[in-house]
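Report on the following structure.
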Amino acid sequence: MPRSVSELLAQQGGAAPKLRFVSKKEREAHRDKEKQAEAAAEAERLQRTKDARRAWEGQAAATSTSEAAGAPNKRAATPSEQDTPEPSDDGGSDAIRQRYLGARPDRARKVRRSNDPAKRFQFEWDQTEDTTDPHQLALAESVQTPVLAGRAGLEGSERHGGRRSVLKSTLDEKHWTEKPLSEMKERDWRIFREDYGIAVKGGAIPPPLRSWRESSIPAPVLDAIAEIGYKEPSPVQRQAIPIGLERRDLIGIAETGSGKTASFVIPMLAYVAELPRLDEANAHLGPYALILSPTRELAQQIEAEARKLVTRLGISVVSVVGGRDITEQAFHLQRGAEIVIATPGRLKDLLEQRIVMLGQCHYLVMDEADRMVDMNYEAELDYILSNLPRDATESRERRVTMLYSATMPPYVEKIARTYLTRPATVLIGNAGQAVGTVDQQVEFVAGEEKRKARLLAVLDSGLPPPMIVFVNQKSTADQIGRELRRAGWRVAVLHSGLSQTQREASIASLREGRNEVLCCTDIGARGIDLPDVSLVVNYQFPTNFPSYIHRIGRTGRAGKAGRAVTFVDDDDAEHLFALKQEVAKSPVSKVPMELARHPAAQAPPAAARGA
Ligand code: ADP
Ligand code: MG
């Protein structure tokens, strides 16, 4: 049950919003200004927004079909695909995300997931979890300007100097697909990573690949990629390849079928291509690069993928796996193989028999590390690793070590800690979300008036700010924003019709507690970074299902409980099946009877089934 407002305020201590009701006059002045701003360039902006959206949606659709089958780009998944992912995997990757990416340990520890239905709807907001920085609070107080408080952006643009920001905004309106590489800003990269579900950790991470063309992959490899027919890099390839090309250690976490092989083989080839080919003089020293794989089948798949990519480089690739004639493998190794792909057991045998050496191997990939551990290969791994050159003092260079895994249990973590040096971590998944902690509520609401009434009631349920209300159109965002202000809420509006400066000011006003509610469209909300959102309301169901996932992922981050309330009606029929599946998958949500029984929620839409 929601707690009373006073309880929550008390709990939040100083972070409580400074409730301030705006007078009628203020509100009218407010509204007039807003109307003027709105009218300006509305049509032109609308068009541009549409174009950008279309470009992006086209991109996302293309991604889902042309990329590796089953690439975990949930944004591009069709409703019929939504039901297939194994729930255990989802939970696992959330846990990994919390552990590896950003969830501060003190917060992660406080995840309290209750199975008790009575507690299910309680928003767990612990005073000790309150992250409001007292400094920020003081700032928020001092910045509060009576008339403009609550204005989306205006005060921001004034503070930043109006004219320049207009110019700047025209530039920033462009979606990343329309920008040359040189114009990409931090925010563009953030949106880009969101689009592809890429999360990263570990110091300065190079920007992901927008296309094969824009990368520094050696030309012969690029030619091979074109020949194979990989039109676009997959998400894991986009981020792992640039890191690999910097020769950094890397932890890659992405599910099966996401194109991990090429993501480590390509930088490996770039590395090996710069070294002299092996010949009689140095072949006996062993390979330059080694890929370890838990099973024979996987090793052979990696070999096949690597062979496709090396065709133009004259690099030889040999796999040494159990169950095959050891003398034949020894023969191939002795002729010289720059790249060796091996299962740990067989490689250990070969090392012990001194058939192979690893004295010049400065590049190691452990693929499917979790499975290697499951198969009890830890001792073999230790043995193999002890045969590799140790560090820069022993040889002319530092070893590059990469570890790929679908999950990150503690023993894999231990391997990573033992053998990797300051690794970059790349995690591919659900657009950077932790939706497992979001209590998803769905309400059937018929008619605009009821919708508004429910919105007010839901906002009034006692959750702490910031809260986000999502709508589908810019004009609706403005309109709902106005209505909420009329009802006494301090609201910032965010959509693509606002300049970059205004958008930033909107976000800042929420972050600093000057506003309580953000009323925004999907496009407006893209790339925003607003922590600790307690509630997301989908005033309208988004026009495409992946946006739903994206929206609700604004709350429930970093292991905190979050609530998402979604209004639907019969017009949303095409999404109800997927919605039901999604809610059912959530460990903290309950499918309401009306959704469970809705005719449109019984099977995927016909179009999707036929596809
Ligand atoms: P993982 O190791 O993540 O399970 P793989 O590397 O085995 O995935 O790749 C899965 C499949 O996707 C392979 O058949 C591979 O040839 C294909 N693939 C890899 N990268 C791309 C790409 N950029 N575009 C299209 N197909 C790709
Ligand atoms: Mg693989």
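First listed ligand is number 1; within each ligand, the first listed atom is number 1. Heavy-atom basis, side chains included; hydrogens, waters and symmetry copies ignored. Here the structure is a predicted model, which is why all the values come from computation and not from measurement.
For the residue pair S293/D367, the side-chain donor-acceptor check at 3.5 Å is not satisfied. Side-chain atoms of E303 and S319 include a donor-acceptor pair closer than 3.5 Å.
Less than 4.0 angstrom separates some heavy atom of T261 from each of these atoms of ligand 1: 2 (O), 5 (P), 6 (O), 7 (O). Every atom of ligand 1 is numbered from 1 in the order shown, and the set under 4.0 Å from a heavy atom of K308 is 16 (O). Every atom of ligand 1 is numbered from 1 in the order shown, and the set under 4.0 Å from a heavy atom of S234 is 23 (N).
Ligand 1 has no nitrogen or oxygen under 3.5 angstrom from a nitrogen or oxygen of P233. Distances between N or O atoms of E232 and those of ligand 1 include at least one value under 3.5 Å. For a threshold of 3.5 Å applied to N or O pairs, the pair formed by W212 and ligand 1 contains no separation below that value.
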Inset, instruction - Kindly determine whether R398 and D249 satisfy salt bridge (charged side-chain N to carboxylate O under 4.0 Å, His left out), including the steps that lead there. - result: CA-CA 10 Å; R398 203 183 72 77; D249 284 7; 3.3 Å; yes

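Comparing E305, Q301, E368 by heavy-atom distance to atom 13 (C) of ligand 1, the nearest is E305.
R238 has a carboxylate O that lies under 4.0 Å from a charged side-chain N of E232, or vice versa, which qualifies the two as a salt bridge. At a threshold of 4.0 Å, the pair E274-R247 counts as salt-bridged, since one of the basic side-chain nitrogens sits closer than that to a carboxylate oxygen.
In this structure, the side chains of Y288 and C361 stay at 4.5 Å or more apart for every pair of heavy atoms.
Residue contacts with ligand 1 leave out A254, since none of its heavy atoms falls under 4.0 Å from the ligand.
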